[in-house]
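We count ligands from 1, going down the list as the structure has it; atoms in each ligand are counted the same way. In this chain, numbering begins with 1 at the start of the sequence shown.
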Amino acid sequence: MISVTKPFLPPQAEYEKYLSGIWKRQWLTNSGPLGSELEMKLKAHLEVKHLLYVTNGTIALQMAIKALELKGEIITTPFSFVATTSSIVWEGCSPVFVDIDPNSLNIDPSRIEAAITENTSAILATHVYGNPCDVEAIEKIAQRHDLKVIYDGAHAFGVRINGKSIFDYGDISTCSLHATKLYHSIEGGLIMTKDPVLLKKLAYIRNFGFNGPEAFAELGINGKNSEFHAAMGLANFGYIEAIHQHRKALTERYDTMLRNLRASKPEWHGNASLNYAYYPLIFENSEQMLNSLAKLQGNGIFPRRYFYPSLATTLPYVEAKTMEITDDIASRILCLPLYFDLTSEEVDLIARLLLRVQNN
Ligand SMILES: *Cc1c(COP(=O)(O)O)cnc(C)c1O
């Protein structure tokens, strides 16, 4: 069976090496040495000013909304994972969906201003598949209307734009280190900000608001992660480059094999590096996509309709709203298998099956 993704695991001995240290110190969580080491390594690797390692990418979003004290309406994208929208609702705010750009599949900045009301407090945008949003346009709109900006960078690990980290943009950027993501610590998340005051507040929020053993600085939550998770992050750290190179090679193989397929890929940001987190294909229509999906599934290959359906039409806690571009793209997009253990022979097989559907 070939799934859309398969988590990377380092050699077991490399993980166990970290475990023996944990047994020696008997320090299991709460800003232990492995958690701190991971934060330092990731900060240097990503070239960001400040970074916090947290439980997961969802709590990272919730903490971001809490720390910025957002109220009322938050403008967001319907073409993302459910956590982007659910975090807004969980924090007592209302999501206001703005349709996506048909080329980048990210929120369309030219449609944002029409959605701003006197109750709008922020924009929460996703760098879909790791492809950067139009950060300059979003920044201009935010400045003009005095709005905060949060980027859900769950897919964007390692992406650089204009010569710096994509996580440098917005008031706060977040990332997910979940097992299915490009780089992972089993469960895990990152929060990045350039603002030292905001960083301090987020650090309090991560640890119940504690300011010393008997004092509290903030309303907090438990957003900490454990030494065991940090150990996996550290064991995986040494493989970031190898994983990148292999995914790049597989992506280029797909591109070559599928050059005659009547399908397109999202248009990548012109000034950004690629991280090869996903291999999305936009078919000409949903029938062609569904036939392709059935063909692959019949051969034990399981791509995913990622993202389908649109978040604006499916959540029981949000009023349903049709969105022209999002609904159209969601009806005909498929993410093909892409992971470290995938071979180029398997890519060739997948490509041949897709071409066979088209040529039938
Ligand atoms: C995976 C994902 C999240 C949530 O991250 P978790 O670490 O699983 O909580 C949020 N947003 C997007 C776009 C994601 O893909």
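- Looking at Y278, Y151, F157 one by one, the single match for ring pair (Phe, Tyr, Trp, His ring centres under 6.0 Å) with H127 turns out to be Y151.
- The aromatic rings of H246 and F340 stand perpendicular to each other, their planes meeting at an angle above 60°, with 30° marking the opposite boundary.
- Listed as neighbours of ligand 1 are N56, G57, T58, S80, F81, A83, T84, T126, D152, A154, H155, S176, H178, K181, G188, Y306, each bearing a heavy atom under 4.0 Å from the ligand.
- Residues satisfying the salt bridge (charged side-chain N to carboxylate O under 4.0 Å, His left out) criterion with E37, sequence neighbours excluded, are K41.
- When atom types are taken as modelled, the side chain of D341 and the backbone of K6 share no donor-acceptor pair closer than 3.5 angstrom.
- Within the structure, salt bridge (charged side-chain N to carboxylate O under 4.0 Å, His left out) pairs that include any residue of residues 66-83 comprise K66-E91, E69-K201 (at least two apart or interchain).
- In the hydrophobic clustering, F208 connects to F210, F216, either directly or through intervening members, whenever side-chain heavy atoms lie under 4.5 Å apart.
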